[in-house]
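Everything on this sheet refers to the single structure shown next.
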Amino acid sequence: MIISRTPFRISFFGGGTDYAPWYREHGGKLLTTTFNRYCYISARYLPPFFEKRSRIVWSRIELVDRAADIQHPAVRAGLQFLGIDEGVEIHHDGDLPARTGLGSSSAFTVGLLHALYGLKREMVSKARLAREAIYLEQELLKEKVGIQDQIQVAHGGINVITIRTDGEYDVSPVIVSPERRQALSDHMMLFFTGISRFASEVAAAQVKAIPDKQQELRAIGAMVDEALKVMTGGELADFGRMLHESWQLKRSLSPAISNERIDGVYETARRAGAIGGKLLGAGGGGFMLIFAPPERQARIREALGGLLEIPFEFEFAGSQIIYCDYGERGAHGR
């Protein structure tokens with residue numbers, strides 16, 4: 001039995017510059033973090049006395065004889081990519097719901113690859129997990145997704161991700177004192193809007209609009225360096241004001257990014273004392289990050305009524321194997 005644990009992510013600045021039609025011409029840059037909510041994948045070789053060769057448990061339960069018959073696209077592609085022909089049992093558990101703007105799809109893909117490599121008794125680097133997750137999602141599954149999520153959830157921590165025009169990238173950890181990290185965390189609130197959506201559908205509309213949104217995307221990318229200065233030593237309120245400015249720019253990229261309900265949540269939080277914030281992920285729904293001084297947060301919670309708030313802390317480990325047991329004889333007697 002192998003269990004992987006892969007964190008979800010919060011993208012602060014630069015979102016949208018990680019789509020290939022943009023970075024292939026201009027490069028990309030993002031400031032992003034992971035936090036202490038996770039996707040768990042458990043995997044084992046299924047003993048041969050079960051009726052079906054494989055059992056896949058996610059929002060549904062699949063019992064199949066061939067990997068090609070698996071309905072979950074990432075699981076099917078992952079098994080085929082790694083050449084695993086034996087019967088397997090794979091379970092997915094998540095601390096937060098899918099399709100909510102926290103990189104959950106890529107956390108699943110990275111965690112799945114990590115667990116399957118563990119099943120094969122292979123140790124792989126975080127960089128390799130990220131590269132192969134990008135390949136699986138973009139090339140095998142043909143999804144219209146960026147590349148920041150796979151990179152960030154594999155590596156973990158607070159990072160600046162710099163993407164070159166050839167698609168190669170650098171991950172630079174941001175050095176922030178524990179006191180500063182805590183102050184930043186204390187200013188952040190995470191609320192679920194109650195709307196789930198498929199990121200690839202929203203992203204497809206955004207990618208299509210890239211040729212007409214050059215100025216906005218340049219401004220979004222340029223905010224990373226300024227935000228980095230604020231994060232590491234500037235006035236904390238400026239970070240919130242920059243989030244607000246970034247959200248206004250992002251909203252302008254595509255009509256699919258926001259809607260009346262999302263705008264209403266954000267404006268309610270602002271009227272109640274929030275300095276800034278943004279909808280996380282591609283847009284269309286999911287979680288909203290609110291930036292506000294601690295003394296104003298009770299009023300914001302009250303104003304947002306029944307919206308679910310998720311407390312969180314920054315996370316620095318990235319994808320990990322947290323349990324590994326091959327049994328006395330090893331998997332399948334190996």
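Treat the numbers as computed from the prediction; the structure is a model and nothing was measured.
- Between the CD atom of Gln80 and the CG atom of Leu136 there is a distance of 9.5 Å, given to the nearest 0.5 Å.
- Taking the six-membered ring for Trp, Tyr23 and Tyr169 have ring centres at least 6.0 Å apart.
- Under a hydrophobic clustering in which Ile, Leu, Val, Met, Phe, Trp and Tyr are joined whenever their side-chain heavy atoms come within less than 4.5 Å, directly or via other members, Met242 and Leu30 fall into different clusters.
- Side-chain contact, Asp263 with Ser258: a donor N or O sits under 3.5 Å from an acceptor N or O.
- To the nearest 0.5 angstrom, Ser11 atom OG is 8.0 Å from Leu31 atom CG.
- To the nearest 0.5 Å, atoms CG (Leu304) and OH (Tyr266) are separated by 12.0 Å.
- Salt bridge annotation for Arg271-Glu267: absent, with no cationic side-chain nitrogen under 4.0 angstrom from a carboxylate oxygen.
- Using a 3.5 Å distance cut-off with no hydrogens or angles, the side chains of Arg60 and Gln71 do pair a donor with an acceptor.
- The CD1 atom of Ile2 sits 3.5 Å away from the SG atom of Cys324 when rounded to the nearest 0.5 Å.
- A salt bridge does not link Arg55 with Glu62: every distance from a Lys NZ or Arg NE/NH1/NH2 to an Asp or Glu carboxylate oxygen is 4.0 Å or more.
- Partners of Arg66 under the salt bridge (charged side-chain N to carboxylate O under 4.0 Å, His left out) rule, at least two apart in sequence or in another chain, are Asp69.
- Here the rule is side-chain hydrogen bond (donor to acceptor under 3.5 Å, both in side chains) with Arg9, and of Thr32, Thr33, Thr34, Asp149 only Asp149 fits it.
- Among residues two or more places apart in sequence or in another chain, the side chain to side chain donor-acceptor pair (under 3.5 Å) test is passed with Gln320 by Arg5.
- Within a 6.0 Å radius of CD in Glu216, other residues, nucleotides and ligands contribute more than 12 heavy atoms.
- Aromatic ring centres of Phe239 and Phe291: separated by under 6.0 Å.
- Linking Ile, Leu, Val, Met, Phe, Trp and Tyr whenever their side-chain heavy atoms come within less than 4.5 Å puts Val176 and Val224 in one cluster.
- Ile3 and Leu96 fall into different hydrophobic clusters, where Ile, Leu, Val, Met, Phe, Trp and Tyr residues are linked whenever their side-chain heavy atoms come under 4.5 Å apart, directly or through other members.
- Among residue pairs with one or both ends in residues 112-160, those qualifying as ring-ring contact (aromatic ring centres under 6.0 Å, His included) are Phe81-Tyr135; sequence neighbours excluded.
- Applying the side chain to side chain donor-acceptor pair (under 3.5 Å) rule to Arg180 yields no partners; only residues at least two apart in sequence or on another chain are considered.
- If you chain together hydrophobic residues whose side chains sit under 4.5 Å apart, Val265 and Ile257 fall into the same group.
- Residues meeting the side chain to side chain donor-acceptor pair (under 3.5 Å) test with Arg44, sequence neighbours left out: Glu89.
- For the 3.5 Å distance criterion, the side chains of Gln214 and His26 qualify, holding a donor opposite an acceptor.
- Looking only at atom types and distance, the side chain of Tyr38 has no donor-acceptor partner in the side chain of Asn36 under 3.5 Å away.
- Side-chain rings of Phe314 and Phe35 stay apart, their centers remaining 6.0 Å or farther from each other.
- At a cut-off of 3.5 Å, with distance as the only test, no side-chain donor of Gln138 or Glu143 sits close to an acceptor on the other residue.
- In terms of the side chain to side chain donor-acceptor pair (under 3.5 Å) criterion, residue partners of Asp225 (sequence neighbours excluded) are, by chain and number, Lys29.
- In this structure, CD1 on Ile41 lies 10.5 Å from CD1 on Ile321, to the nearest 0.5 angstrom.
- In the hydrophobic clustering of this structure, Leu217 groups with Phe13; members are Ile, Leu, Val, Met, Phe, Trp, Tyr whose side-chain heavy atoms approach within less than 4.5 Å, directly or through other members.
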(request) Starting from the C-alpha separation in whole Å, work towards a yes-or-no answer on side chain to side chain contact (heavy atoms under 4.5 Å, CB included) for Tyr326 and Arg121. (result) CA-CA 9 Å; Tyr326 293 110; Arg121 302 190 183 212; 3.5 Å; yes
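- Within 6.0 Å of CD on Glu295 lie more than 12 heavy atoms contributed by other residues, nucleotides or ligands.
- Residues Glu313 and Gln182 have side chains in contact (heavy-atom distance under 4.5 Å, counting atoms from C-beta outward).
- Two residues are said to be in side-chain contact when any heavy atoms from C-beta on lie closer than 4.5 Å; Met231 and Val174 meet this criterion.
- Taking the six-membered ring for Trp and the full ring otherwise, the centers of Tyr40 and His91 sit at least 6.0 Å from each other.
- The ring of His72 has its center closer than 6.0 angstrom to the ring center of Trp58.
- From Glu132, atom CD reaches atom CG of Leu116 across 11.0 Å, with rounding to the nearest 0.5 Å.
- Leu190 is listed as a side-chain neighbour of Leu280, based on a closest heavy-atom distance under 4.5 Å.
- Between Lys52 and Asp65 there is a salt bridge, since a side-chain N of the basic residue sits under 4.0 Å from a carboxylate O of the acidic one.
- Around the CD atom of Glu122, the shell of radius 6.0 Å holds more than 12 heavy atoms that belong to other residues, nucleotides or ligands.
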